[in-house]
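Taking it in order: structure first as structure tokens, then the write-up.
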Amino acid sequence: HYLFADMKSLLGTAAAAEDRWSPPQTDSHGGRKRFIARVRGRLLRSVKRGWKNDPLRELEGVFQQQIAFIARHPDVPRRLLSWLAQDCDPGLQRRVRMLIAYYATRLAQIITRAKQQGQVRADIKPDAAAISLVGVIRKLVVETHAIPQQRESFLRKAAELFALYRTALAVPSK
């Protein structure tokens, strides 16, 4: 059986995933486009790794990779969300929306596989469940904006929220 949202596992993922990732400058329109392209590549690489035979474990791994990346680079998602909410450039907003939508689509594919294997309740809609997980990540980013130095608190909250999310997906035990 899984140890979903295990704090030790999440801390281990965050510590082990040294990525040497440095975002490009964003002081120009071209710089912002490169920034989004780099983030997209980073996000999608994390979704490609996984346990193809165990979609729920894969979903947990993707979530942990995303949370570990955010813990190391908290300004990245904040910057993207600020561009989405405040920027006057509709092209930039569209790129951020496309990035989020593509990530959600990848998550939905994992959830669909879990549903096909009977690991997720039959009434779960994979697209809605994926958007919900994106919302969990967004909530974590927004809530921790005021206290960016508290990495362990961020990781603990992420583990707790994933456990709740996983419970909502789970097939009831008989």
Would K139 and V134 count as a side chain to side chain contact (heavy atoms under 4.5 Å, CB included) if you check the C-alpha gap in whole Å, the side-chain angles of each, and the deciding distance to 0.1 Å?
-> CA-CA 9 Å; K139 175 182 172 41; V134 169; over 6 Å; no
Minimum side-chain heavy-atom gap L133-F63 below 4.5 Å | yes
Rounded distance [0.5 Å steps], CD1 in I100 versus CZ in R95 = 14.5 Å
Residues F69 and V76: closest non-hydrogen pair is CE2-CG1, 3.9 Å
Which atoms form the tightest heavy-atom contact between V171 and G118, and what is the distance?
-> CG2-O, 3.2 Å
Report yes if some heavy atom in the side chain of L107 is under 4.5 Å from a heavy atom in the side chain of I131; otherwise report no.
-> no
Is the shortest heavy-atom distance from the side chain of D54 to the side chain of Q117 under 4.5 Å?
-> no
L80 to V96 - nearest heavy-atom pair and separation | O-CG1, 3.8 Å
Report yes or no: do I67 and L81 belong to one cluster of Ile/Leu/Val/Met/Phe/Trp/Tyr joined by side chain heavy-atom distances under 4.5 Å?
-> yes
Worked check of side chain to side chain contact (heavy atoms under 4.5 Å, CB included) between Y103 and Q66 = CA-CA 11 Å; Y103 184 68; Q66 179 65 26; 3.6 Å; yes
Quick one: closest heavy-atom pair of A130 and I111, and the distance?
-> N-CD1, 3.7 Å
Of all heavy-atom pairs linking W83 and Q93, the shortest is O-CG, 3.5 Å
Student check: side-chain heavy atoms of V142 and R78 closer than 4.5 Å | no
Listed once per pair and sorted, the salt bridge (charged side-chain N to carboxylate O under 4.0 Å, His left out) pairs that draw on residues 115-131, sequence neighbours left out | R121-D123
Before giving the answer on side chain to side chain contact (heavy atoms under 4.5 Å, CB included), spell out for V62 and R106 the whole-Å C-alpha distance, their side-chain angles and the decisive distance to 0.1 Å.
-> CA-CA 10 Å; V62 167; R106 291 283 186 92; over 6 Å; no
Would you find a donor on one side and an acceptor on the other, under 3.5 Å apart, between the side chain of R72 and the backbone of A68?
-> yes
Rounded distance [0.5 Å steps], CD1 in I124 versus OG1 in T112 = 11.5 Å
Which heavy atom of I110 sits nearest a heavy atom of P55, and at what distance?
-> CG2-O, 3.2 Å
Could you please spell out the steps behind the side chain to side chain contact (heavy atoms under 4.5 Å, CB included) verdict for L59 and R166?
-> CA-CA 10 Å; L59 187 65; R166 167 62 178 88; over 6 Å; no
Determine whether L84 and L92 make a side-chain contact, defined as any pair of heavy atoms from C-beta on separated by less than 4.5 Å.
-> no
Give a yes or no on whether the backbone of A129 and the side-chain of Y165 come within a donor-acceptor separation of less than 3.5 Å.
-> yes
Under-4.0 Å salt bridge between K157 and E160 = no
Checking S132 side chain against A128 main chain: does a donor-acceptor pair fall under 3.5 Å?
-> no
Would you say the side chain of L161 lies within less than 4.5 Å of the side chain of I137, judging by non-hydrogen atoms?
-> no
